[in-house]
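Reckoned from all heavy atoms, side chains included, excluding hydrogens, waters and symmetry mates. Here, residue 1 is the first one in the sequence, and each next residue gets the next number.
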Amino acid sequence: MIDYNLIAAVFIGIAVLLFLILKLRIQAFIALLIASIVVGIIAGMHPGDIITTMKEGMGNTLGFVAVVVGLGAMFGAILEHSGGAKALATFLLSKFGEKNASWAMVLTGFFIAIPVFFDVAFIILIPLIYSLQRKTKKSLLLYAIPLLAGLAITHSFIPPTPGPVAVADILNADLGWVILFGFLVGIPTAIVCGPVFGKYIAKKIFVEAPALDDNDAVIDNYPSVSSIIAIIGIPIVLIVGNTVLNSPLFDENTISTEVKSWLGFIGHPFSALIIANIIAWYFLGIRRNFTKKKLLDITTKSMGPAGIIILLTGAGGVFKQILVNTGTGEMLANYFADKGVSILLFAFLTAAVVRILQGSATVAMITAAGITAPLLAVDVTEIDKALLVIAIASGASILSHVNDSGFWLVSKYLGLDEKQTFKSWTMMTTLLALTGFITVTIFSLIF
């Protein structure tokens, strides 16, 4: 039975959230907390229970996310400052050649965004895009769109980037499965909205690289590509390996309980990222003559952006817990089940609406996860939860426009006017979202 008071509480809470962010320009962290309180009050919660629920939601969420996002941020910062991102991009370009450079760029973006934040990775790699355009005299978009597609897909779909980590934690999804399906969904999505769309839009819009300046000087002291690939791969292999080890693929008696426990310990995201950080610290830092003080400064500065993500995720956990404790989640779950509405579609559309209205993909992902989490049935599988994470990430990627900082970042660095940015970047993000969701839906029917 539908309790319209609870329904009203949810819609009013979301309206308050959007009003605070869009109209009053209040930081999303406090806006999410205020919206949670509003939902609790309208739903009839006791004042003391609201505070207790907020503490519960924040604490349960941050216990995992704070560690993973913090370690991931430090790992990415060391890779960034060592020149590892440029080394991998240069290597792929040399192997693919100028003719297939767009494929090299989508692969570069796909792998570099695993440890490095989207905007940072784009700024690091933009000189390579400029260089390619000057050599080939083709539109800058032929190389920029594939790079942006690779960066955006990994940033949204594959942990340990903050967005999918936050959503996975709120939905209680296994990171190993999220990584695995993030790759599987990401590959066709990257092809469609990277090289394929890039080739199409480059014929429609010709853009030249800016005049050469001193910042485009060639650096010849890159770390080896093999070391970069190995270091990026270590946490992924450990986390996915642990997931596979504990899946039905392995019989319970195949490996002893003690050995399995230790392998599970090493393959836990905490341990895997600590190991990756130590290896990166030594091989990309100490061995390359970085001082210990320099490395400390690099990792300390990386905590700034990570802190914002961590607090936002905690606020999303509060919003989710309010919905759980008021009984709103269970009621909505039963309602959608009776109406035959797919939870994947609901999650995708929720994330898409929030994204379009307020701009931030991270806020959209966390808000949608908080609303969707209470709708999950008790017997939902790990694969279903992983696919739900990707569905939310797809919705939160859609239709980047003027209220998204990424829109202006791309416009500025590629020298595009607003109309050109809409036709290229905005269309690419929309294509990414739709292709990602369609692929998720197909996988949900197979698995």
Side-chain angles (χ1 to χ4, degrees), residues 10-11 13-18 21-22 28-29 31-32 35-36 39 61 65 118 152-159 161-173 178 181-182 185-186 189 193 309 312-313 315-320 323 328-329 332-333 336 341-376 380 384-401 403-407 426 428-441 443-444:
V10 175
F11 280 104
I14 294 172
V16 167
L17 172 66
L18 294 173
I21 293 174
L22 297 176
F29 169 65
L32 274 165
S36 300
V39 172
T61 303
V65 171
F118 170 88
I153 289 164
T154 306
H155 183 73
S156 297
F157 291 3
I158 304 173
T161 51
V165 167
V167 176
D169 187 65
I170 292 172
L171 298 180
N172 197 28
V178 177
F181 280 99
V185 174
T189 306
C193 61
I309 301 292
L312 266 178
T313 306
V318 170
F319 194 72
K320 176 199 81 170
L323 296 183
T328 307
L332 287 173
F336 288 124
V341 177
S342 162
I343 191 171
L344 281 176
L345 179 60
F346 172 79
F348 172 81
L349 292 176
T350 302
V353 169
V354 178
R355 155 72 160 185
I356 292 167
L357 290 175
Q358 56 78 49
S360 169
T362 303
V363 172
M365 290 172 76
I366 290 168
T367 304
I371 294 170
T372 307
L375 312 185
L376 293 176
V380 66
D384 287 337
K385 284 191 281 187
L387 290 173
L388 190 57
V389 172
I390 310 303
I392 288 173
S394 297
S397 302
I398 203 167
L399 204 69
S400 169
H401 61 98
N403 62 0
D404 175 23
S405 60
F407 178 92
T426 302
M428 188 276 285
T429 57
T430 303
L431 191 59
L432 185 161
L434 296 176
T435 308
F437 180 67
I438 290 168
T439 310
V440 163
T441 304
F443 279 139
S444 71

Undergrad: If every non-hydrogen atom of F157 is compared with every non-hydrogen atom of G436, which pair is closest and at what distance?
TA: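 The answer is CZ-CA, 4.4 Å.
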Undergrad: Please report the interatomic distance CG(L345) to OG(S444), rounded to the nearest 0.5 Å.
TA: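 Reported to 0.5 Å precision, the distance equals 11.0 Å.
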Undergrad: Drop me the distance from L349's CG to L344's CG, to the nearest 0.5 angstrom.
TA: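 These two atoms lie 11.0 Å from each other.
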Undergrad: Report the distance from atom OG1 of T350 to atom CD1 of I14, rounding to the nearest 0.5 Å.
TA: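 Output value for this atom pair is 7.0 Å.
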Undergrad: Is the shortest side-chain heavy-atom distance between T435 and C193 below 4.5 Å?
TA: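 No, side chains not in contact.
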Undergrad: Quick one: closest heavy-atom pair of S156 and A393, and the distance?
TA: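 Nearest pair, atom of S156 first, then A393: O-CB, 3.1 Å.
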Undergrad: With distance as the sole test, does T367 use its side chain to make a donor-acceptor pair with the main-chain N or O of A364 at under 3.5 Å?
TA: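 No, the answer is negative, given that no donor and acceptor are paired below the 3.5 Å cut-off.
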Undergrad: Please evaluate residues F181 and V389 with respect to the criterion side chain to side chain contact (heavy atoms under 4.5 Å, CB included), reporting the C-alpha separation (whole Å), side-chain torsions for both, the decisive distance (0.1 Å), and the verdict.
TA: CA-CA 10 Å; F181 280 99; V389 172; over 6 Å; no
Undergrad: Roughly how far apart are F319 CZ and L17 CG, rounded to 0.5 Å?
TA: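 Taking CZ in F319 and CG in L17, the distance rounds to 6.5 Å.
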Undergrad: Looking at side-chain heavy atoms only, is the closest gap between V318 and L32 below 4.5 Å?
TA: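 No, side chains not in contact.
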Undergrad: If the condition is side chain to side chain donor-acceptor pair (under 3.5 Å), which residues does S400 pass it with, not counting sequence neighbours?
TA: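 S400 satisfies side chain to side chain donor-acceptor pair (under 3.5 Å) with D404, W425 only.
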Undergrad: Output all residues satisfying side chain to side chain donor-acceptor pair (under 3.5 Å) with T189, sequence neighbours left out; order by chain, then residue number.
TA: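 Listed in chain order: nothing, the list is empty.
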Undergrad: If I take atom CD1 from residue I153 and atom CZ from residue F118, how far apart are they, to the nearest 0.5 angstrom?
TA: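 These two atoms lie 11.0 Å from each other.
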Undergrad: Side chains of H401 and I356, heavy atoms from C-beta outward: is any pair under 4.5 Å?
TA: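 In short, these two side chains touch, coming nearer than 4.5 Å.
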Undergrad: Keeping H155 on the side-chain end and T161 on the backbone end, is there a donor-acceptor pair under 3.5 Å?
TA: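 Absent.
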Undergrad: Kindly give the heavy-atom pair with the smallest separation between L388 and T372, and that separation in Å.
TA: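 Between these two residues, the closest heavy atoms are CD2-CG2, 3.7 Å.
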Undergrad: If every non-hydrogen atom of T426 is compared with every non-hydrogen atom of F407, which pair is closest and at what distance?
TA: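 Closest approach of T426 to F407: OG1-CE1, 3.6 Å.
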Undergrad: For the backbone of L399 and the side chain of T430, can you confirm whether one donor and one acceptor N or O come within less than 3.5 Å of each other?
TA: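 Yes; at least one donor-acceptor contact below 3.5 Å.
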Undergrad: For residues V440 and L387, report the shortest heavy-atom separation together with the two atoms involved.
TA: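 Smallest interatomic distance, heavy atoms only, reads CG1-O, 3.5 Å.
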Undergrad: Let me confirm one number: the CZ-CD1 distance from F437 to I392, rounded to the nearest 0.5 Å.
TA: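 Result: 11.0 Å between the selected atoms.
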Undergrad: What closest approach, in Å, do L171 and A369 show between heavy atoms, and which atom pair accounts for it?
TA: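 L171 and A369 have their closest heavy atoms at CD2-O, 3.8 Å.
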Undergrad: Taking K385 for its side chain and V380 for its backbone only, find out whether a donor-acceptor pair lies under 3.5 Å.
TA: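 Here the side-chain-to-backbone pair does not exist.
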